[in-house]
Each structure stands twice: as structure tokens, then as C-alpha cells.
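This chain uses plain numbering: 1 for the first residue, then up along the sequence. The model shown is predicted, which means the values in this text are computed figures rather than measured ones.
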Amino acid sequence: MTQATHPAICPAPTPARKCAPAIPDGIKALILDFDGTLADTADSHEQALRAALHPYDVGLDHNWYRHHVGLSIHDLLNALPGGRPLPHDEIIRTSRTHLLATMHSIKPIPCVVALLSAARHAGLPCAVASGASGHLVHPGIDALRLTHEFAAAVAREDVAHGKPAPDLFLTAARRLGVPPEGCLAVDDAPDGVTAARAAGMHVITVVDGHLAPADEGAPAARSFPGVLAPAPSSTAVTPDDAVPDITAPRSADSAR
């Protein structure tokens with residue numbers, strides 16, 4: 001995916017204006033992927049997996065990894081080219097140790113956090129649907145100080161099948177009590193977009209830090225032209241509240 005083929009649907013941030021995308025009419029809930037969508041973690045995950053594979057003389061092709069970045073580490077290892085048997089449990093343990101050691105330094109993707117803020121201002125329930133393990137997803141949401149924004153968080157071990165199957169998104173919708181067709185899903189990876197489409201949701205993606213149509217030629221991308229319109233006053237994000245201050249201490253009752 002490139003910015004040229006998938007133009008942004010949120011305005012570029014400026015010193016006077018942060019990204020403030022509209023919430024399309026008819027949307028009743030927002031469901032976000034975590035890695036690469038809500039949080040900019042692609043580099044840290046790639047480095048952690050590469051370090052975990054190194055003792056076994058297994059390389060990790062950058063382009064292959066980025067194409068499969070929406071998969072859980074279990075599914076990544078199963079799909080790894082070469083077919084060589086590897087000690088999955090040990091590799092996963094090593095990779096997670098690397099990731100947890102740097103969890104405090106992860107950063108949010110501002111345009112996605114702005115969309116989350118707009119949804120919460122509109123009173124919409126929100127959830128995370130991630131192909132990663134809950135051992136990483138829950139600490140990651142907490143590290144961003146966004147735990148209180150979500151009514152549900154679904155991780156890979158919560159469902160039978162990971163992305164590109166629709167299980168994660170369907171489970172998140174069920175936990176929110178909203179039909180899939182009333183949900184707006186956001187995922188940066190091809191497998192995640194496929195999963196959200198299979199779930200019957202409206203879908204947008206993330207390209208170079210901006211929200212963009214997931215597939216300009218697909219029906220779901222054409223189904224909410226209002227996404228390009230300015231946000232109504234009831235759902236617009238002001239410059240002051242578009243991106244929460246994730247460095248401020250949370251109150252004791254902010255986590256669920």
C-alpha cells in the first residue's frame with residue numbers, strides 16, 4: 001500500500017489543527033487493531049522476532065514480515081518460509097521478553113487516537129481486536145494510558161482463528177453488543193482488512209500514519225462517502241482534545 005494509491009481521509013495535522021476524522025453516519029461502534037493501528041509498534045515487533053530467531057540461524061525478510069504483520073506470532077512462525085521445525089514456545093518467550101522490556105516506550109498513532117476520541121465524544125463504545133497475545137495487548141493499551149477508552153479488548157487467544165478470519169472482529173462486536181454492520185473497523189494490515197471485511201464491517205486502514213480507504217474498489221470503501229466530510233460538531237475533535245496526554249498519570253479508577 002502507498003499513500004498515492006490510498007489517499008488520506010483525515011486532514012493532515014498542522015500546528016493549529018490535529019487530525020480530526022469524521023464518524024460516518026450509521027456507525028454505532030469503533031473497533032481498532034492494536035499493533036500498527038493504535039500503536040506504532042511494527043519496528044519493535046520486527047526487531048524482537050528477528051532477535052528471537054537469530055540463535056536458530058533463521059533470517060526474517062523485512063518485506064515478508066511487513067506483509068504478514070497483522071498475524072499473531074504463532075501464525076507468523078507457522079507461515080515462515082522454509083518449513084523448518086523451530087521451537088515456537090522458546091522463540092515466542094524470547095520475543096515477548098524483548099517487547100515487554102520496551103513497552104513503556106511505544107507511541108500512539110495520532111490520527112487513530114483522534115478517531116477514538118471522536119467516537120468516545122459521540123458516545124460510541126469502542127474495542128480493540130488484535131491478532132497479538134493478550135500478554136502484550138493489555139500492557140500495550142495500558143502503556144498508552146487508553147485502557148479507560150475501551151469497553152472490550154479481544155486478543156488472539158480469545159478466538160479459535162486469527163486474522164484473516166473474522167473471529168476477532170466478530171467477538172469484539174458481540175462484546176460491545178453492536179451488530180457487525182454497525183461497526184467501523186480500522187486495521188493497518190492486509191490480513192486485518194480482510195478479516196474486518198469478512199465480518200461485514202465498514203473498514204478503513206492506516207497508511208503512513210493517516211487513515212485511508214481500505215480498498216477504493218471494494219463495496220465497503222464506497223459505502224460511507226461521508227467519511228471525507230467535516231466532522232459534525234458533536235463528533236469533531238478539537239485541537240486540545242484530539243490526542244490525549246499519555247504522559248499524564250491516570251486516576252485510580254481509569255482502568256477496567
Side-chain angles (χ1 to χ4, degrees), residues 1 32-110 112-113 116 127-147 149-150 153-159 161-164 167-168 172 186-192 195 205-209 243-244 246-247 249-250 255:
M1 291 185 296
L32 304 174
D33 173 51
F34 184 75
D35 293 299
T37 298
L38 185 60
D40 186 4
T41 59
D43 287 341
S44 60
H45 277 257
E46 183 177 354
Q47 291 166 12
L49 182 55
R50 182 172 285 111
L53 289 169
H54 180 72
Y56 307 98
D57 295 322
V58 176
L60 184 65
D61 180 76
H62 172 77
N63 291 331
W64 181 90
Y65 177 80
R66 290 307 172 102
H67 182 75
H68 294 83
V69 72
L71 299 179
S72 71
I73 189 169
H74 286 280
D75 296 330
L76 276 169
L77 291 173
N78 286 329
L80 200 64
R84 174 182 165 188
L86 293 168
H88 286 197
D89 290 345
E90 183 61 32
I91 291 169
I92 290 168
R93 211 164 19 243
T94 302
S95 177
R96 286 179 181 168
T97 298
H98 279 274
L99 290 169
L100 288 170
T102 59
M103 191 67 71
H104 64 281
S105 65
I106 65 171
K107 303 295 183 183
I109 294 180
V112 179
V113 179
L116 172 63
V128 167
S130 172
S133 167
H135 295 295
L136 296 173
V137 174
H138 296 293
I141 296 172
D142 194 57
L144 296 180
R145 302 196 183 277
L146 292 173
T147 306
E149 299 287 357
F150 295 104
V154 183
R156 177 62 182 88
E157 58 265 37
D158 295 325
V159 298
H161 305 287
K163 301 171 184 177
D167 302 34
L168 285 158
V186 187
D187 202 301
D188 69 301
D191 283 332
T205 191
V206 180
V207 180
D208 296 334
V243 181
I246 64 169
T247 63
R250 294 185 304 155

Minimum heavy-atom distance [X]-[Y], with the two atoms named:
{"X": "Thr37", "Y": "Val206", "result": "CG2-CG2, 4.1 Å"}
{"X": "Ala155", "Y": "Val137", "result": "CB-CG2, 4.5 Å"}
{"X": "His74", "Y": "Ile92", "result": "CE1-CD1, 3.3 Å"}
{"X": "Ser130", "Y": "Asp35", "result": "OG-OD2, 4.2 Å"}
{"X": "Asp187", "Y": "Lys163", "result": "OD2-NZ, 2.7 Å"}
{"X": "Leu136", "Y": "Arg96", "result": "CD1-CG, 4.0 Å"}

What's the separation between atom [atom1] in [X] and atom [atom2] in [Y], rounded to the nearest 0.5 Å?
{"X": "Leu76", "Y": "His88", "atom1": "CG", "atom2": "NE2", "answer": "10.5 Å"}
{"X": "Phe34", "Y": "Leu146", "atom1": "CZ", "atom2": "CG", "answer": "8.5 Å"}
{"X": "Thr102", "Y": "His104", "atom1": "OG1", "atom2": "NE2", "answer": "7.0 Å"}
{"X": "Leu80", "Y": "Tyr65", "atom1": "CG", "atom2": "OH", "answer": "11.5 Å"}
{"X": "Asp188", "Y": "Leu32", "atom1": "CG", "atom2": "CG", "answer": "11.0 Å"}
{"X": "Arg156", "Y": "His161", "atom1": "CZ", "atom2": "NE2", "answer": "8.0 Å"}

Are any non-hydrogen side-chain atoms of [X] and [Y] less than 4.5 angstrom apart?
{"X": "Leu38", "Y": "Val113", "answer": "yes"}
{"X": "Asp142", "Y": "Met103", "answer": "no"}
{"X": "Leu49", "Y": "Leu77", "answer": "yes"}

Without hydrogens or angle criteria, can the side chains of His98 and Gln47 be said to hold a donor-acceptor pair below 3.5 Å?
no
Yes or no on side-chain contact (heavy atoms from CB on, under 4.5 Å) for His135 and Leu100, after CA distance, side-chain angles and deciding distance?
CA-CA 9 Å; His135 295 295; Leu100 288 170; 5.9 Å; no
Can you give the donor-acceptor pairs under 3.5 Å from side chains of residues 52-60 to other protein atoms, not counting sequence neighbours?
none

Criterion side-chain contact (heavy atoms from CB on, under 4.5 Å) on Asp75 and Asp191, from CA distance to verdict
CA-CA 12 Å; Asp75 296 330; Asp191 283 332; over 6 Å; no
NZ/NE/NH1/NH2 to OD/OE distance under 4.0 Å, Arg66 and Asp61:
no
Donor-acceptor check, side chain of His45 to backbone of Thr41, threshold 3.5 angstrom: yes or no?
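Not confirmed, His45 side chain does not pair with Thr41 backbone.
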